[in-house]
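Because the structure is predicted, anything quoted here is derived from the model rather than measured. Counting begins at 1 with the first residue of the sequence. Counting starts at 1 for both ligands and their atoms, following the listed order.
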Amino acid sequence: MLKDSFDRIHNYLRISLTDKCNLNCTYCCPVNMPKATFSRKNQMSAEEIDTIVSVFVKEGVKKIRLTGGEPLIRKDAKEIIERLSKYPVELTITTNGVYVHEFIQTFNKAGIRSVNVSLDTLKKEKNYFISQRDEFKRVTENIDLLLKNNFHVKVNVVVMKNVNDDEILDFIEWTKDRLVHVRFIEFMPFTGNQWSNKKVISHKEILELISTKYDFIKLLNDKNDTSKKYLVPNHQGTFAIISTMSEPFCSSCNRMRLTTDGKMKNCLFSKDEVDILGALRNGEDILPLIKKCVDDKQESLGGQFTPNYEITDASKINNRSMINIGG
Ligand code: SAM
């Protein structure tokens, strides 16, 4: 079992399959700085991912999420999904949705039942502005395709002031006749993403805005949930808020991360990383490294800032860009 010094049991592993993406969302990809893309030889191979995962699973990991970059652009994405499907874990994926139509069968075969798709706007032109690519039609069609195939679909919306906060109510309306679970994510600071506290719309502000038009009820949360869930009566779908900046949920955190170059991070905001892939390639036992990484986990937010986002100085945070971590 992987337990940290604050008695938090870690049983959820998020694996970045690549630090490359076919979209170019500014809040995720560094602006005006070179993207640290790793060459194939520095990247975990399908076989290495499988080997590393087998160690985590023996230590009690029950849930694995594949992410990136965009996990589905990796040429061996299907092989990786198939390999991981043999483990007794809940296998899930976070994707921008562009290639989902090519993976429905693979997901079904691998027992993937829940898919997170990122979509920050319901407007085609704005989608182009945010992602710098013309994929709105494909993504929205693929969300509908997932729903048609009975997947549990969560739609991730990063809310940014004066970018898409005017669409919060539209997203709620969107859940009326669609069994989709919209998750509003507070904008988080990462290297190169031009974060500013002025661009954050907090959990409280989102709820206040929604209450101007809708009644809603709070749903019960599971123990390790990062999102606070709500239901508008008579809507098929639900909405939730991920309040990392204004009300973090570190005390119940059960998550660990592997970057595509095989570095383990014990927190999205941790500055320290442990080279699991390097150790594996040297023939070392990786378990002690994994245990130490978990044990070294800080109490909250990687020890880098406090929950008061109004005074957070993003320039002092020492981390990778989101695309290089794997969200
Ligand atoms: N390419 C996939 C996708 O688009 O979902 C997976 C990787 S992406 C980094 C994972 C999630 O992180 C997405 O839902 C994205 O919206 C979210 N994300 C990226 N940068 C963020 C930021 N600065 N603040 C909050 N969420 C962010």
Side-chain angles (χ1 to χ4, degrees), residues 14-31 35-37 64-74 77 80 92-100 103 114-121 127 130-133 135-136 138-140 142-143 146 153-161 163-165 167 171 180-203 206 226-227 240-246 248-249 255 257-260 265 268-269 301-302 304-305 309 312 314 317 319-327:
R14 302 171 71 105
I15 305 173
S16 171
L17 296 192
T18 172
D19 67 333
K20 298 182 181 67
C21 191
N22 48 333
L23 303 185
N24 199 18
C25 308
T26 49
Y27 58 79
C28 185
C29 306
V31 175
K35 293 184 176 70
T37 49
I64 293 177
R65 178 173 300 282
L66 303 178
T67 178
E70 172 47 40
L72 300 185
I73 62 169
R74 196 165 146 159
I80 294 168
T92 58
I93 191 156
T94 301
T95 169
N96 60 32
V98 175
Y99 290 114
V100 154
F103 282 82
S114 175
V115 179
N116 290 9
V117 183
S118 301
L119 181 68
D120 302 308
T121 170
N127 188 256
I130 294 174
S131 68
Q132 314 275 296
R133 301 287 183 273
E135 297 288 4
F136 180 76
R138 176 63 86 186
V139 173
T140 46
N142 276 347
I143 289 173
L146 285 165
V153 182
K154 299 181 199 161
V155 170
N156 288 346
V157 183
V158 180
V159 186
M160 293 160 286
K161 206 166 266 178
V163 176
N164 59 353
D165 53 331
E167 289 190 62
F171 270 107
V180 74
H181 306 282
V182 169
R183 299 168 357 130
F184 299 112
I185 308 179
E186 290 179 352
F187 183 31
M188 298 182 279
F190 296 98
T191 300
N193 78 347
Q194 302 191 320
W195 181 90
S196 140
N197 53 14
K198 307 246 170 343
K199 294 183 190 166
V200 177
I201 310 277
S202 69
H203 173 215
I206 294 171
T226 53
S227 63
I241 301 171
I242 302 185
S243 59
T244 314
M245 300 310 295
S246 67
F249 25 82
R255 287 172 296 281
R257 295 183 141 79
L258 267 181
T259 61
T260 190
K265 284 173 81 72
L268 187 53
F269 296 109
L301 298 167
Q304 298 224 56
F305 56 100
Y309 70 90
T312 297
I317 300 173
N319 201 355
R320 299 179 181 220
S321 59
M322 181 61 133
I323 192 172
N324 292 320
I325 301 171

Would you say [X] has any N or O atom under 3.5 Å from an N or O of ligand 1, going by distance alone?
X    : result
N156 : yes
T94  : no
V158 : no
E70  : yes
G69  : yes

Exercise. Given side chains that start at C-beta, do those of K20 and E70 come closer than 4.5 Å, heavy atoms only?
Worked result: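 Heavy-atom side-chain distance check fails, nothing below 4.5 Å.
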Exercise. Hey, does L268 have a side-chain heavy atom less than 4.5 Å from the side chain of M322?
Worked result: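 Of all side-chain heavy-atom pairs linking L268 with M322, at least one is under 4.5 Å.
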Exercise. How does T95 reach ligand 1, by side chain, by backbone, by both or by neither, if only non-hydrogen atoms under 4.0 Å count?
Worked result: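 Just the backbone.
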For this session: Evaluate ring-ring contact (aromatic ring centres under 6.0 Å, His included) for Y27 paired with F190, printing each intermediate quantity in order.
Result: CA-CA 8 Å; Y27 58 79; F190 296 98; 9.8 Å; no
Exercise. Do you know which two heavy atoms are closest between N142 and V100, and how far apart they sit?
Worked result: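 Looks like ND2-N, 3.5 Å.
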Exercise. Is the closest heavy atom of I323 to ligand 1 under 4.0 Å?
Worked result: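 The answer is no: ligand 1 sits nowhere under 4.0 Å from a heavy atom of I323.
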Exercise. In the protein, which heavy atom is nearest to atom 8 (S) of ligand 1, and how far is it?
Worked result: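 Checked against all protein heavy atoms, atom 8 (S) of ligand 1 sits closest to G68 O, 4.3 Å.
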Exercise. Hey, what do you get for OG1 (T260) to CG (L17), rounding to the nearest 0.5 Å?
Worked result: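 Between T260 OG1 and L17 CG, I get 6.5 Å after rounding to 0.5 Å.
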